[in-house]
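Structure first, commentary second.
Values reported hereafter were calculated over all heavy atoms of this structure, with side chains retained and with hydrogens, waters and symmetry mates removed.
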Amino acid sequence: MGAASVLAGWRRRFHLWIDHGAGNDAVAAWIHRGLVLLICANVVAIVLESIPDLALRYGPSFKAFEAVSLVVFTLEYGVRLWSAPEHARYRGLTPARARLAYATSLPAVIDLLATLPLAFAMLGLSDLRALLLLRLLRFFKLGRYSPGMASLAAALHAERKALFACFVVLMGVMLMAASLMHLVEHEAQPDKLGTIPDAMWWAIITLTTVGYGDVFPITAAGKAVAAVTAVLGLVMLALPVGIVATAFAQEIHRREFVVTWSMIASVPLFGQLDAVEIAEVMQFLRARTVKAGAVVAHAGDPLQALYFVASGEVEIAVASGKARLDEGHFFGALTLDDVAIVSHSPCVTAATATEPTKLLVLDQIDFRALTARSPKLAAHIRAKAHR
């Protein structure tokens, strides 16, 4: 029983290190940075190895680096598979079912495919050119460490039905354009547009605005069809681009909204506000970016604003010494009806950014506008301050 609990503890620790990316854990930070650098180095090595001179000169070095990378990626996949029961998504399953569920997820499939060259090498099949594609799949492992790529994937998933509808419309327009071009050009160019499948090549190239120039109409009717098809191509490209851009912006806004919401709700002054009232507070926040070493609040100046640390770190001076506040923390003070409302400490005398930092600021002027706009919110804050 003792050994099982120790093993479970190590499994939990490995999960936090390699999969969870535990915030301030130095081991997790180094593991993630090392994996990202290794993935990037692998992609660069694969590209450089395709140059004959470099492959001939540094062939053994490339092979040694590939062998080390395969061992590391295989160990990574094994650890992720072993610690899968600790993942929040699979925590309600048995260990075997949790590992099976993880193994069939897209990130795990990519990890597995990236390690397959090791299995082929052990079987003596390392010279297969198809293995190059498996090695290049390692690039997509970066999606696990990039919030931006994760947001883009979430946006594509959310708009998958609309994007599929755009694809269906594109196929329909392509068939119509190809059929029309075949009807008006099949006699003039039987070798290029004599059949609808031949005309489909011209249609898709024109709709995607590539225009190789290997097939083009020579009759007046054909040129008219080509002109309309070219204009429709611009419209067809704009549809999915607009859908993806809007969905991506909404996903980023949604993530920022959740982070900002949690920071505001953590302030005791705003802790009991309902959803509508917190949304009103968020409308008055102003973003401020400061460089490392920049003074946020000078010593001796009274604090007349609330500062939320969205990213980075701020060092504040208090009576007991100095304290460092990272993402999610706040400091500052506001005044309502000549009553000082302190949010973090009554003795914050100065604040300096220790690294590039993004702050969300609610200053005194905006705070007064907020309370004047919402009497209910002002009454709540007033009652909270008096208590």
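Residues forming a salt bridge (charged side-chain N to carboxylate O under 4.0 Å, His left out) with D198 (at least two apart in sequence, or on another chain): none. Contacts of S69 classified as side-chain hydrogen bond (donor to acceptor under 3.5 Å, both in side chains), with partners at least two apart in sequence or in another chain: N42. Residues satisfying the side-chain contact (heavy atoms from CB on, under 4.5 Å) test with T208, not counting sequence neighbours, are I204, V210. Residues passing the side-chain hydrogen bond (donor to acceptor under 3.5 Å, both in side chains) test with T209, sequence neighbours excluded: none. Among residues two or more places apart in sequence or in another chain, the side-chain hydrogen bond (donor to acceptor under 3.5 Å, both in side chains) test is passed with D363 by none. The side-chain hydrogen bond (donor to acceptor under 3.5 Å, both in side chains) check on E315 picks up R324, with sequence neighbours excluded. Every residue meeting the side-chain contact (heavy atoms from CB on, under 4.5 Å) condition with V295, not counting sequence neighbours, appears here in chain and number order: H298, T352.
Nearest approach of Y307 to V296, heavy atoms of both residues: CE2-CG1, 3.7 Å.
When the side chains of ILVMFWY residues are joined at heavy-atom separations under 4.5 Å, either directly or via intervening members, V184 and L175 end up in a single hydrophobic cluster. A single hydrophobic cluster is not seen to contain both M181 and L183; linkage of ILVMFWY side chains at heavy-atom distances under 4.5 Å, directly or through other members, places them apart.
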Check: residues 95-102 side-chain donor-acceptor pairs under 3.5 Å, at least two apart:
residue : atom : partner : partner atom : Å
R99     : NE   : L81     : O            : 3.3
R99     : NE   : W82     : O            : 3.4
R99     : NH2  : W82     : O            : 3.0

For residues 213-241, run the donor-acceptor check on the side chains, cut-off 3.5 Å, and write out each pair with its distance to 0.1 Å, sequence neighbours left out.
residue : atom : partner : partner atom : Å
D214    : OD2  : W201    : NE1          : 3.0
T219    : OG1  : E185    : OE2          : 2.5
T219    : OG1  : G222    : N            : 3.1
T229    : OG1  : V225    : O            : 2.7

Side-chain atoms of residues 153-174: list all donor-acceptor pairs with protein atoms under 3.5 Å, sequence neighbours left out, distances to 0.1 Å.
residue : atom : partner : partner atom : Å
H157    : ND1  : R160    : NH1          : 3.4
R160    : NH1  : H157    : O            : 2.6

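The closest donor-acceptor contact from the side chain of T357 to the backbone of E313 lies under 3.5 Å. When atom types are taken as modelled, the side chain of H15 and the backbone of R80 share no donor-acceptor pair closer than 3.5 angstrom.
Relative ring orientation between H182 and H186 is described as tilted, the plane-to-plane angle lying within the 30° to 60° band.
With values rounded to the nearest 0.5 angstrom, L362 atom CG is found 9.5 Å from R286 atom CZ. Atom CZ in F331 sits 7.0 Å away from atom CD1 in I316 (nearest 0.5 Å). To the nearest 0.5 angstrom, F73 atom CZ is 13.5 Å from L113 atom CG. Interatomic distance, S179 OG to M200 CE, rounded to the nearest 0.5 Å: 8.5 Å. The structure places CD of E76 at 6.5 Å from CD1 of I39, a figure rounded to the nearest 0.5 Å.
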Report the C-alpha distance between V72 and L35 in whole Å, list the side-chain angles of each, state the deciding distance to 0.1 Å, and finish with yes or no for side chain to side chain contact (heavy atoms under 4.5 Å, CB included).
CA-CA 9 Å; V72 173; L35 288 173; 4.2 Å; yes
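Applying the 4.5 Å side-chain rule to ILVMFWY residues, one finds V44, L48, I51, Y58, F62 in the same cluster as L54.
For the pair V314 and T354, the minimum side-chain heavy-atom distance is 4.5 Å or more.
The stretch residues 32-53 participates, sequence neighbours left out, in these salt bridge (Lys or Arg N to Asp or Glu O under 4.0 Å) pairs: E49-R135.
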